[in-house]
S.K.: 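The structure under discussion is supplied below as structure tokens; questions concerning it will follow.
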Amino acid sequence: MTNSSGRLSRRFFARPTLEVAQDLVGQILVKKQGKSRIRARIVEVEAYLGVGADAASHAHRGPTPRNSEMFETPGRLYVYLIYGVHYCMNVVCERRGEAGAVLLRAAEPIEGLSIMRQRRPREGPELTNGPGKLSSALGVDLRSNGLDLVTGPMGLWPGDPAACVERSSRIGIRQATEFRYRFFDPDSHYVSQGKPSS
DNA sequence: CCATAGATTGACT
DNA sequence: GTCAATCTATGGA
């Protein structure tokens with residue numbers, strides 16, 4: 001499921017959101033930064049489904065100006081501002097016109113740590129162990145909304161598959177708490193500290 | 001128009 | 001443990 005440049009391909013993302021979410025744990029997120037680059041291994045994600053399927057999803061009630069990327073071409077980035085303060089980064093799934101996205105909640109830094117610390121002066125897991133922290137360390141904000149991960153300056157490459165991927169309900173939501181749509185690598189020290197909602 | 005809740009984080013008691 | 005930061009979307013007057 002890679003293209004000629006070795007990235008995860010459009011086909012990888014154009015699948016059911018829950019499948020993509022599980023498969024993203026262990027993959028490598030790469031951002032080109034001029035001459036240097038940032039790399040980080042994804043260790044925690046959550047799936048958010050489409051219209052009428054998942055009351056916790058931004059797409060649940062249909063398209064709005066904020067969530068329009070969730071209905072766009074799979075493999076693009078959906079970035080939104082949460083609580084008017086922090087940014088959250090999602091990978092768009094499903095076919096174009098059908099909503100679905102995977103929230104990237106945490107990752108282990110591999111390369112470009114000095115650039116990340118410049119943006120976020122923290123040590124160890126505090127650098128990237130939450131969705132807002134990860135976006136801030138990578139310098140992702142609304143300008144990155146709609147960026148194409150299959151062809152653009154950010155992308156996803158195959159990484160070490162996790163020895164095991166665990167599953168739980170999602171963190172920080174009050175709707176649809178019964179769905180176990182969170183996937184994470186239990187062996188990673190960079191998994192976020194929040195508690196599942198159910 | 002006004003009120004409220006939210007896929008979070010960090011500062012503070 | 002509490003709470004404020006302040007943008008987007010929704011629901012009611």
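Order of the sequence lines fixes the chain letters, A, B, ..., with proteins taken first and strands second; residue numbering starts at 1 for each chain. Computed from heavy atoms alone, side chains included, the values below leave out hydrogens, waters and symmetry copies.
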S.K.: A side-chain contact here means heavy atoms from C-beta on lying under 4.5 Å apart; do A:Val25 and A:Val43 qualify?
M.R.: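 Not in contact.
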S.K.: Any residue in residues 188-198 of chain A with a heavy atom nearer than 4.0 angstrom to DNA chain C? Just list them by number, or reply none.
M.R.: none
S.K.: Where along residues 51-71 of chain A does a heavy atom come under 4.0 Å from DNA chain C, residue by residue in number order?
M.R.: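 Result for residues 51-71 of chain A: A:Arg61, A:Thr64, A:Pro65, A:Arg66, sorted by number.
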S.K.: Please convert DNA chain B into dot-bracket. A pair counts if it is Watson-Crick or G-U wobble with both distances under 3.5 Å; crossing pairs go in [ ] and bases paired with another strand get |.
M.R.: ||||||.|||||.
S.K.: Honestly, is A:Arg167 close enough over A:Tyr181, meaning NZ or CZ under 6.0 Å from the six-membered ring centre and within 45° of the axis?
M.R.: no
S.K.: Determine the contact category for A:Arg120: base if any of its heavy atoms lies under 4.0 Å from a base atom, sugar-phosphate if only primed atoms, P, OP1 or OP2 are that close, otherwise nothing.
M.R.: sugar-phosphate
S.K.: Determine whether A:Arg105 and A:Val45 make a side-chain contact, defined as any pair of heavy atoms from C-beta on separated by less than 4.5 Å.
M.R.: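 No, too far: nothing below the 4.5 Å cut-off.
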S.K.: Check every nucleotide of DNA chain C for an atom under 4.0 Å from a heavy-atom of chain A, then give the first and the last such nucleotide from 5' to 3'.
M.R.: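 Span of nucleotides near chain A: C:dA5 to C:dG11.
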S.K.: Looking only at atom C1', what distance separates B:dA7 and C:dG1, rounded to whole Å?
M.R.: 23 Å
S.K.: Hey, does A:Asn90 have a side-chain heavy atom less than 4.5 Å from the side chain of A:Val102?
M.R.: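 Side chain of A:Val102 against side chain of A:Asn90, heavy atoms only: no contact under 4.5 Å found.
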S.K.: Do A:Arg15 and A:Asp23 have side chains that get closer than 4.5 Å, going by heavy atoms?
M.R.: yes
S.K.: Any residue in residues 77-90 of chain A with a heavy atom nearer than 4.0 angstrom to DNA chain C? Just list them by number, or reply none.
M.R.: A:Leu81, A:Tyr83, A:Gly84, A:Val85
S.K.: Could you run down the sub-3.5 Å N/O contacts of the protein with nucleotides 11-13 of chain B?
M.R.:
none

S.K.: Do we see a donor-acceptor contact under 3.5 Å between the side chains of A:Arg182 and A:Ser168?
M.R.: yes
S.K.: Evaluate A:Glu178 against A:Ser169 for side chain to side chain donor-acceptor pair (under 3.5 Å), listing each step before the verdict.
M.R.: CA-CA 7 Å; A:Glu178 70 276 20; A:Ser169 57; over 6 Å; no
S.K.: Between A:Val102 and A:Glu126, name the one whose nearest nucleotide on DNA chain B is closer to the 5' end.
M.R.: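 Its nearest nucleotide lies further toward 5', so the answer is A:Val102.
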S.K.: Does A:Arg119 have more than 12 heavy atoms from other residues, nucleotides or ligands lying within 6.0 Å of its CZ?
M.R.: yes
S.K.: Taking 4.0 Å as the cut-off, does a side-chain nitrogen or oxygen of A:Arg105 come that near to OP1 or OP2 on B:dT8?
M.R.: yes
